[in-house]
Amino acid sequence: GLALVRAPRSLEATTMQLEALRKAIALKCYNICLDLAQEKWDLFKGRTADKSYVGNQHMEGVSDGASECAEAIHEAFGLKL
């Protein structure tokens, strides 16, 4: 989770705190997309107990879309990974 921070003493401190918060939120979103991509890929490849999606092109597409979303977040926010 995100920890609460003390009130900043300057505009520069406020800006730094906001940038850190922005990056933390972007990183969280990036990781959510990557986790979703992996979950759907595992369904597509039959690596879960649920075998009903093995070879399902929709699941493959959902995985690809989630991966693209993660990459877009990475680029948009300039995340250093």
Side-chain angles (χ1 to χ4, degrees):
L2 300 174
L4 295 177
V5 293
R6 281 193 276 177
R9 297 181 187 187
S10 69
L11 180 57
E12 182 179 346
T14 300
T15 301
M16 289 172 56
Q17 287 179 351
L18 288 175
E19 181 61 16
L21 181 60
R22 183 181 83 85
K23 294 274 183 162
I25 292 169
L27 184 59
K28 179 71 172 175
C29 293
Y30 171 82
N31 284 321
I32 288 169
C33 290
L34 285 184
D35 289 348
L36 181 62
Q38 187 63 55
E39 176 188 324
K40 300 308 178 187
W41 183 251
D42 288 344
L43 283 168
F44 172 73
K45 294 302 254 179
R47 296 179 183 147
T48 67
D50 183 356
K51 304 296 184 200
S52 62
Y53 294 103
V54 174
N56 182 298
Q57 290 180 343
H58 178 72
M59 279 301 115
E60 183 181 25
V62 172
S63 176
D64 290 346
S67 293
E68 289 181 18
C69 184
E71 184 57 32
I73 291 168
H74 176 265
E75 290 176 12
F77 289 90
L79 297 176
K80 305 285 189 253
L81 304 172

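With sequence neighbours excluded, the residues that form a side-chain contact (heavy atoms from CB on, under 4.5 Å) with Leu11 are Thr15. With sequence neighbours left out, the side chain to side chain donor-acceptor pair (under 3.5 Å) criterion links Glu19 to Arg22. Among residues two or more places apart in sequence or in another chain, the ring-ring contact (aromatic ring centres under 6.0 Å, His included) test is passed with Phe44 by Trp41. Remark: Gln57 pairs with no residue by the side-chain contact (heavy atoms from CB on, under 4.5 Å) rule, at least two apart or across chains.
Applying the salt bridge (charged side-chain N to carboxylate O under 4.0 Å, His left out) test to pairs two or more places apart or on separate chains, none has a residue in residues 59-81. Pairs passing the salt bridge (charged side-chain N to carboxylate O under 4.0 Å, His left out) check and including a residue from residues 27-43, sequence neighbours excluded, read Asp42-Arg47.
Using a 4.5 Å cut-off between side-chain heavy atoms of Ile, Leu, Val, Met, Phe, Trp and Tyr, Val54 forms no hydrophobic cluster with any other residue. Through direct or relayed side-chain contacts under 4.5 Å between Ile, Leu, Val, Met, Phe, Trp and Tyr, Leu34 connects to Leu27, Tyr30, Ile73, Phe77, Leu79, Leu81. In this structure, Leu18 stands alone, with no Ile, Leu, Val, Met, Phe, Trp or Tyr side-chain heavy atom under 4.5 Å from its own, directly or through other members.
For the atom pair NE2 (His74) and SG (Cys33), the distance works out to 13.0 Å, reported to the nearest 0.5 Å. How far OG of Ser63 is from CG of Leu36: 8.0 Å, rounded to the nearest 0.5 Å. The CG atom of Leu43 lies 10.5 Å from the NE2 atom of His58; values are rounded to the nearest 0.5 Å.
For the residue pair Thr48/Asp50, the side-chain donor-acceptor check at 3.5 Å is not satisfied.
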